[in-house]
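Some notes on the structure that comes next.
Per chain, numbering begins at 1; letters A, B, ... match sequence-line order.
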Protein chains: 2
Amino acid sequence: MSNITEIAKRANVSRTTVSRVLNHHPYVKHDKREAVFQAMKELHYVPNLNAINLSRGRTNVLGVIVPKISHPFFSSLIEGIGEECHQFDYSLLVYQSNNDPKKELQFFDKLKHQQIDGLILGSSVLPTATVDHFAQYLNVVSCENSNSNILPRVYVNHGHGIQLAIDHLRERGHQKMGLCIGNPQSGVGVTRRESFFHFQELYELNWQEEWYFSEQYTIDHGREIARNLIEQKERPTAMIVGSDQVAAGLYYELANQELRIPEDLAIVGFDNQPIAQITELTTIQQPVKELGKKAVFLLNNLIHKQIVPLSNLFDLQLIARKST
Amino acid sequence: MSNITEIAKRANVSRTTVSRVLNHHPYVKHDKREAVFQAMKELHYVPNLNAINLSRGRTNVLGVIVPKISHPFFSSLIEGIGEECHQFDYSLLVYQSNNDPKKELQFFDKLKHQQIDGLILGSSVLPTATVDHFAQYLNVVSCENSNSNILPRVYVNHGHGIQLAIDHLRERGHQKMGLCIGNPQSGVGVTRRESFFHFQELYELNWQEEWYFSEQYTIDHGREIARNLIEQKERPTAMIVGSDQVAAGLYYELANQELRIPEDLAIVGFDNQPIAQITELTTIQQPVKELGKKAVFLLNNLIHKQIVPLSNLFDLQLIARKST
DNA sequence: TTGAAAGCGCTAACAA
DNA sequence: TTGTTAGCGCTTTCAA
């Protein structure tokens with residue numbers, strides 16, 4: 001592996017001049033520049049990024065941490081982030097936390113170790129205070145809302161999503177609705193739950209304790225919920241489900257048990273994943289990739305010491321299909 | 001940000017000793033070691049990875065390149081890779097190629113630039129010769145089969161998958177089968193196609209040109225195929241589809257058009273994604289995460305100059321459901 | 001327009 | 001068991 005010293009020798013210039021050529025610095029005479037290029041070609045020169053990073057004190061790498069990489073929401077988020085990283089010439093380090101706060105903390109270490117220039121929190125279970133502590137001196141952007149006053153975030157208004165779902169169901173005459181969410185600790189989970197109960201009260205709906213489910217992530221969870229609901233003496237007439245996967249499982253098991261959808265039970269999902277299209281699921285669509293792209297945009301500004309808006313809200317949309 | 005020089009001063013030792021403490025080197029007296037730890041604590045010392053990487057000439061980062069991050073197969077692959085990386089204390093850089101050879105080449109550059117220690121090809125459209133060229137002096141592992149004699153790879157026998165599907169269909173009396181695959185250039189695509197035609201001949205089945213589809217990736221593609229098939233005067237009685245998503249779209253549109261599955265058309269998918277479970281799709285299951293984990297294992301051995309087997313085959317399994 | 005020289009923060013061969 | 005010293009490959013003042 002050749003280095004700038006060798007290039008400099010062969011091109012009969014100083015290492016500095018080679019560095020200038022490398023960095024497209026203006027003050028280099030044409031023939032010297034050519035000589036350097038020639039030498040680089042002959043020696044198959046490849047710059048060593050670690051050396052550059054060490055010198056410059058940055059890496060051009062961003063990190064993203066998500067609970068589960070293969071979850072459709074997060075893989076789309078990563079995709080959006082990845083595409084925008086490519087635009088800004090960042091590489092992307094991906095880390096899976098499994099919602100384990102210890103793992104999240106580990107990832108912050110990478111930031112501190114200067115292995116990455118900035119960090120995107122796909123979803124975090126750390127307390128606001130902890131994240132804020134890091135956000136004070138590190139470049140962090142979150143993809144969930146929070147009440148921090150220093151952490152920039154991009155997010156959709158999940159409360160509004162719940163409202164869209166409830167309004168839509170009420171229009172169709174429903175008064176008895178259940179709720180099913182994933183991680184109740186996460187920002188998203190908290191918001192959805194609070195918002196759900198808020199509107200239950202506001203509209204004076206007949207909510208019941210047994211119609212609330214949390215920690216539901218998979219199709220099989222959805223099927224369990226179906227069996228659970230069927231057992232209940234008084235069922236809700238509609239379920240709002242925080243994930244299309246779970247909603248699809250619910251749908252599937254209900255149909256298996258000969259219940260009609262939406263007549264016996266209406267279902268609203270979240271995310272508009274492919275599976276929602278196939279099962280004709282009414283769902284709340286989120287602009288996931290846009291979310292990711294915006295996060296990179298903000299992080300890049302943060303890295304360049306620019307002021308970024310803390311709160312960046314994206315719109316949700318209800319997609320009505322046959323399940324309601 | 002403090003560095004080892006400051007730590008050394010404060011602990012009254014040399015930089016070397018600090019480095020030894022950092023690297024758990026045995027020859028350090030207990031009290032000096034304690035003094036160093038004390039100093040590190042007081043100065044909130046955090047090692048600079050770039051400096052370490054530069055010194056050591058490696059980064060402890062692996063890279064993976066996939067056509068599309070949000071595709072269920074690849075997001076599961078990344079998940080498996082990520083989990084194993086965590087075991088071996090590697091970070092993971094993720095890159096999306098969109099099947100663009102230029103982008104793949106860019107990623108090889110990162111390897112050359114020593115930004116990563118090794119590279120996993122999730123799927124590549126580069127010629128074998130090109131990949132081999134890199135594999136000669138770089139650490140590369142592929143997740144597709146190839147006929148290279150230097151590139152280590154982990155893969156499932158897609159030919160066998162096709163055979164499983166065809167045998168299963170023949171048992172159910174099918175003689176007229178169509179094939180639908182994704183990228184026909186990729187190793188997977190090539191193998192599936194060749195194998196399909198091989199068995200068509202071997203079993204003397206009535207294959208027709210119009211029953212072959214490629215470049216099919218989405219649910220909507222599947223729906224198009226359904227409409228296309230319906231138009232045909234002589235339809236196949238079964239379709240083998242290289243992706244559950246496409247298969248689900250096919251299923252969905254056929255059902256919409258009042259065709260019965262499997263009576264009017266049987267369908268076999270690939271991957272056993274959640275969507276296959278919901279649509280009761282017979283499918284070929286691949287051990288995706290295990291594939292990813294093995295790839296990391298091999299790459300780690302490669303990095304440590306150990307000899308690795310070139311060909312690492314994983315078994316496939318047919319999961320019979322109601323679509324056949 | 002060019003080059004010398006001093007870092008960036010750490011590791012590791014060598015000597016003591 | 002410890003320290004000295006010379007790098008790793010590049011950037012960036014500063015002076016010419």
Side-chain angles (χ1 to χ4, degrees), chain A residues 1-40 43-61 89 109-117, chain B residues 1-40 42-61 89 109-117 303:
Chain A
M1 281 276 150
S2 60
N3 57 28
I4 51 167
T5 307
E6 290 182 41
I7 304 293
K9 269 190 202 136
R10 178 174 279 248
N12 259 313
V13 297
S14 71
R15 288 154 28 109
T16 314
T17 300
V18 177
S19 174
R20 288 204 182 94
V21 171
L22 245 24
N23 292 286
H24 309 101
H25 194 93
Y27 295 149
V28 182
K29 265 213 180 130
H30 182 72
D31 53 340
K32 297 228 176 199
R33 182 185 305 274
E34 286 309 307
V36 168
F37 277 136
Q38 183 60 32
M40 295 199 313
L43 294 170
H44 300 100
Y45 172 73
V46 177
N48 181 319
L49 278 180
N50 284 315
I52 297 175
N53 292 341
L54 176 58
S55 262
R56 291 215 248 250
R58 46 174 300 198
T59 61
N60 266 28
V61 178
D89 210 31
D109 280 345
K110 292 195 195 293
L111 241 187
K112 290 197 287 186
H113 292 208
Q114 304 186 34
Q115 195 173 19
I116 55 181
D117 293 342
Chain B
M1 281 272 151
S2 60
N3 56 27
I4 53 167
T5 307
E6 292 182 39
I7 304 294
K9 270 190 202 135
R10 180 174 278 247
N12 257 315
V13 297
S14 71
R15 287 152 31 106
T16 314
T17 299
V18 177
S19 173
R20 288 204 182 94
V21 172
L22 243 25
N23 292 285
H24 309 101
H25 195 92
Y27 293 150
V28 182
K29 263 209 181 138
H30 182 74
D31 52 341
K32 297 227 175 199
R33 182 185 304 276
E34 285 309 308
V36 169
F37 277 136
Q38 183 60 31
M40 294 198 314
E42 287 169 17
L43 295 170
H44 299 99
Y45 172 73
V46 176
N48 180 318
L49 278 181
N50 284 123
I52 297 175
N53 292 342
L54 176 59
S55 263
R56 287 214 250 251
R58 45 173 301 194
T59 61
N60 267 27
V61 177
D89 210 31
D109 280 345
K110 293 196 193 295
L111 243 188
K112 290 197 287 185
H113 293 207
Q114 304 186 37
Q115 194 174 19
I116 56 181
D117 293 343
I303 289 167

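- Distance I7(A) CD1 to dC10(D) P: 9 Å, rounded to the nearest Å.
- Of the side-chain N and O atoms in N48(A), none sit less than 4.0 angstrom from OP1 or OP2 of dG9(D).
- The interatomic distance linking R33(A) (CZ) with dT1(C) (P) rounds to 10 Å, in whole Å.
- Remark: the Q38(B) side chain and the E42(B) side chain contain an N/O donor-acceptor pair separated by less than 3.5 Å.
- Residues from residues 12-25 of chain A that place a heavy atom under 4.0 Å from any atom of DNA chain D, listed by number: R15(A), T16(A), S19(A), N23(A).
- For the pair N50(A) (side chain) and N53(A) (backbone), a donor-acceptor distance under 3.5 Å is absent.
- Rounding to the nearest 0.5 Å gives a distance of 12.5 Å between CZ of R20(B) and CG of L22(B).
- With rounding to the nearest 0.5 angstrom, the OG atom of S2(B) is 5.0 Å from the CG atom of L43(B).
- Where K32(B) and A51(B) meet DNA chain D, the nucleotide closest to each residue was compared, and K32(B) sits on the side nearer the 5' end.
- S14(A) and T17(A) are linked by a side-chain donor-acceptor pair at a separation below 3.5 angstrom, with hydrogens and angles left out of the test.
- Separating the CD atom of E6(B) from the C1' atom of dC8(C) is a distance of 13 Å, rounded to the nearest angstrom.
- Going from atom OH of Y27(B) over to atom P of dA16(C) covers 19 Å, rounded to whole Å.
- When rounded to the nearest whole Å, the span between CZ of R58(A) and C1' of dT11(D) equals 14 Å.
- Checking side-chain atoms of N3(B) against main-chain N and O of T5(B) turns up a donor-acceptor pair under 3.5 Å.
- For dG9(D), its base never sits under 3.5 Å from the side chain of T5(A) at any donor and acceptor pair.
- A donor-acceptor contact shorter than 3.5 Å is absent between the side chain of D31(A) and the backbone of E34(A).
- One interatomic measurement links the two molecules: CD1 of I52(B) to C1' of dG7(D), which rounds to 16 Å at whole-angstrom precision.
- If you take NE2 of H30(A) and P of dT1(C), they are 13 Å apart, rounded to a whole angstrom.
- In the set dC8(D), dT2(D), dT1(C), dT2(D) carries the atom at the smallest distance from any side-chain atom of V28(B).
- Using a 4.0 Å heavy-atom criterion, one finds that P26(A) contacts no nucleic acid atom at all.
- Distance from the side chain of K29(B) is smallest for dT1(D) among the nucleotides dC10(C), dT1(D), dC10(D).
- Residue I4(B) has its side chain nearest to dC10(C) when only dC10(C), dT1(D), dC10(D) are considered.
- Regarding contacts with the backbone of dC10(C), a side-chain N or O of Y45(B) is found under 4.0 angstrom from either OP1 or OP2.
- Rounded to an integer number of Å, the gap from L54(B) CG to dT11(C) C1' is 10 Å.
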